[in-house]
Visitor: 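If you scroll down you'll find the structure; I have some questions about it.
Because the structure is a prediction, the values reported are computed rather than measured. Just so you know, ligand 1 is whichever comes first in the structure, and atom 1 is the first atom listed for that ligand. Position 1 is the first residue of the sequence, and the numbers go up from there.
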Amino acid sequence: MLRRMLQELSRCTWMARTLRTAPGVRGVIGRYVAGEHVEDAVGAARRLRAAGLLITLDYLGEDVRQPSEALRTVACYQDLLVRLDEAGLARGADVSVKLSALGQRIGWDGVRPERDAELMALEHATRICEAANSVGATVTVDMEEHGTVDSTLSVVAELRAGFPATGVAVQARLRRAEEQCRDLAVGKVRVRLVKGAYGAPTSVAYARGREADTSYVRCMRVLMAGDGYPMLATHDPRMIEIASALAVLNERDENSFEYQMLYGVRPGEQSRLVDLGARVRVYVPYGEDWYGYLLRRLAERPANLRPHLRSLVTAG
Ligand SMILES: Cc1cc2nc3c(=O)[nH]c(=O)nc-3n(C[C@H](O)[C@H](O)[C@H](O)COP(=O)(O)OP(=O)(O)OC[C@H]3O[C@@H](n4cnc5c(N)ncnc54)[C@H](O)[C@@H]3O)c2cc1C
């Protein structure tokens, strides 16, 4: 019940405003978000790289309503990439981008995204790819609400024509995930496999966790046997174990795939995998618009909220 409540709250704008100014919330944010400013992101990147971890940075914000907000997102990514380059951290780094933060849903009519909005997102994502490419970094496009999947895949296909290293996420809990993996497991394509953090009807998604897990394993099998570059984004010990077995079975060396985990989640496991010689990339979110992201993380694991409840309740 708490999980469903947190999922609902992640879309609640008045709660976002209230929590943003509540002092007790800072402790919870700090665990999952690098900070509100670009300097915080660069600082976290430096620490993670020093520990042998790779990074993908996410400027928080999604579902923008105005073209000016989408332009601001582009400018923030460009600024981030310049600063990473100045700090000597850009080569091999990745940035994670949500197309809804680049205008994909401006003019959304409830059935399909307007082509104009899709083109706006494509134009903006292209600018971020150019900035990343110029400093030796890559871009991965996050997958969001199930209704945007086709639009996102078509934008990524167009981006890849100019920037072949552009990656994309596949959500295993969607029924079409395995088919998407088959289409993408070719020619060094970078595919991030996730379970999926967004609610979706049972007509398009598996309802139960077990079914989603089985789908994740089927997708891993396809990706690890294919010619692409799998990015296995999960904290699930069982999935990580199966991934290691599939790497051996498919004779993949440690540079031909990577694990990905979220900032602040299972840091001990991140280090353990690095010590074993694996490539591990940490997804580092930063920015003022942390509310939706934070609530999705807490909804995934409500138990993590418990240690912070006292400070939230007593917050002034
Ligand atoms: C790098 C990265 C990028 C992502 N990008 C996207 C995206 O583009 N689109 C999208 O929809 N979703 C994305 N996600 C989120 C993803 O879909 C899942 O919601 C999230 O990763 C939780 O699923 P899980 O595979 O870790 O396993 P879960 O099913 O949540 O958990 C399985 C097991 O993993 C362990 N575990 C999980 N979380 C924790 C924790 N916080 N602390 C300790 N142990 C834990 C526990 O043992 C748990 O029983 C991304 C996730 C990562 C890691």
Visitor: For the backbone of Tyr198 and the side chain of Arg173, can you confirm whether one donor and one acceptor N or O come within less than 3.5 Å of each other?
Guide: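 Yes: the side chain of Arg173 pairs with the backbone of Tyr198.
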Visitor: Return yes if a side-chain donor-acceptor contact under 3.5 Å exists between Arg190 and Thr140, otherwise no.
Guide: yes
Visitor: So Tyr77 and Tyr59, would you call those rings parallel, tilted or perpendicular, with 30° and 60° as cut-offs?
Guide: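 Plane angle over 60°, so perpendicular.
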Visitor: Can you check whether Gln66's main-chain N or O pairs, donor with acceptor, with Glu69's side chain at less than 3.5 Å?
Guide: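 Such a contact is found between Glu69 side chain and Gln66 backbone.
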Visitor: Can you name the atoms of ligand 1, numbered from 1 with element, that are less than 4.0 Å from a heavy atom of Gln171?
Guide: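 Result: 9 (N), 10 (C), 11 (O).
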Visitor: Any idea which of Arg31, His235, Lys195, Arg266 brings a heavy atom closest to atom 21 (O) of ligand 1?
Guide: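 Among Arg31, His235, Lys195, Arg266, the closest heavy atom to atom 21 (O) of ligand 1 belongs to His235.
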Visitor: Going by heavy atoms, is Arg296 under 4.0 Å from ligand 1?
Guide: no
Visitor: I'd like to check which ligand 1 atoms, numbered from 1 as shown, lie under 4.0 Å from a non-hydrogen atom of Gln260.
Guide: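 Near Gln260, meaning under 4.0 Å from one of its heavy atoms, ligand 1 has 1 (C), 53 (C).
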Visitor: Atoms of ligand 1 less than 4.0 Å from Met143 heavy atoms?
Guide: 7 (C), 8 (O), 9 (N), 10 (C), 11 (O)
Visitor: When you measure from the side chain of Arg252 to the backbone N and O of Met224, does any donor-acceptor pair fall under 3.5 Å?
Guide: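 The answer is yes, because a donor-acceptor pair under 3.5 Å joins these two groups.
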Visitor: Below a 4.0 angstrom heavy-atom separation, can you tell me which part of Arg192, side chain or backbone, both or neither, approaches ligand 1?
Guide: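 Within the 4.0 Å criterion, Arg192 contacts ligand 1 through side-chain atoms alone.
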Visitor: Distance alone, cut at 3.5 Å: any donor-acceptor contact between the side chains of Thr152 and Glu144?
Guide: no
Visitor: Provide the number and element of each atom of ligand 1 under 4.0 Å from a heavy atom of Leu262.
Guide: 2 (C), 51 (C), 52 (C), 53 (C)
Visitor: So which bit of Val265 gets within less than 4.0 Å of ligand 1, heavy atoms only: side chain, backbone, both or neither?
Guide: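 The part of Val265 near ligand 1 is the side chain, not the backbone.
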Visitor: With clusters defined by side-chain heavy atoms of hydrophobic residues (ILVMFWY) lying less than 4.5 Å apart, directly or transitively, does Val155 cluster with Ile106?
Guide: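 No, it is not one cluster - the side chains of Ile106 and Val155 are not joined through contacts under 4.5 Å.
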Visitor: Ligand 1 and Pro237, any nitrogen or oxygen pair closer than 3.5 angstrom?
Guide: no
Visitor: Test your reading of the model: is there a side-chain donor-acceptor pair from Arg160 to the backbone of Thr166, 3.5 Å cut-off?
Guide: yes
Visitor: Can you list the atoms of ligand 1 that are under 4.0 Å from a heavy atom of Arg297?
Guide: 15 (C)
Visitor: For ligand 1, which part of Ala169 has a heavy atom less than 4.0 Å away: the side chain, the backbone, both, or neither?
Guide: side chain
Visitor: Under the side chain to side chain donor-acceptor pair (under 3.5 Å) criterion, do Gln104 and Ser151 qualify, and how do the steps go?
Guide: CA-CA 8 Å; Gln104 185 187 34; Ser151 164; 2.9 Å; yes
Visitor: State plainly whether the residues Glu130 and Arg127 are in salt-bridge range, i.e. N to O under 4.0 Å.
Guide: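 Looking at Glu130 and Arg127, the cut-off is not met.
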Visitor: If the cut-off is 4.0 Å to any non-hydrogen atom of Thr234, which atoms of ligand 1 fall inside it?
Guide: 24 (P), 25 (O), 26 (O)
Visitor: Please work out whether any backbone atom (N, CA, C, O) or any side-chain heavy atom from C-beta onward of Met261 is under 4.0 Å from ligand 1, and answer side chain, backbone, both or neither.
Guide: backbone
Visitor: Give yes if a backbone or side-chain nitrogen or oxygen of Ala197 is under 3.5 Å from a nitrogen or oxygen of ligand 1, and no if not.
Guide: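 Among all N and O atoms of Ala197, at least one is under 3.5 Å from an N or O of ligand 1.
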Visitor: Please state which option from Val97, Val194, Asp142, Asp213 has its nearest heavy atom closest to atom 50 (C) of ligand 1.
Guide: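 Closest candidate by heavy-atom distance is Val194.
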Visitor: Is it possible for you to say whether Val170 and Tyr229 belong to one hydrophobic cluster, with membership spreading through side-chain heavy-atom contacts below 4.5 Å?
Guide: no
Visitor: What are the atoms of ligand 1, with element, lying closer than 4.0 Å to any heavy atom of Tyr198?
Guide: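 What qualifies from ligand 1 is 10 (C), 11 (O).
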Visitor: Select one of side chain, backbone, both or neither to describe which atoms of Glu144 lie under 4.0 Å from any atom of ligand 1, heavy atoms only.
Guide: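 It is neither; nothing of Glu144 touches ligand 1.
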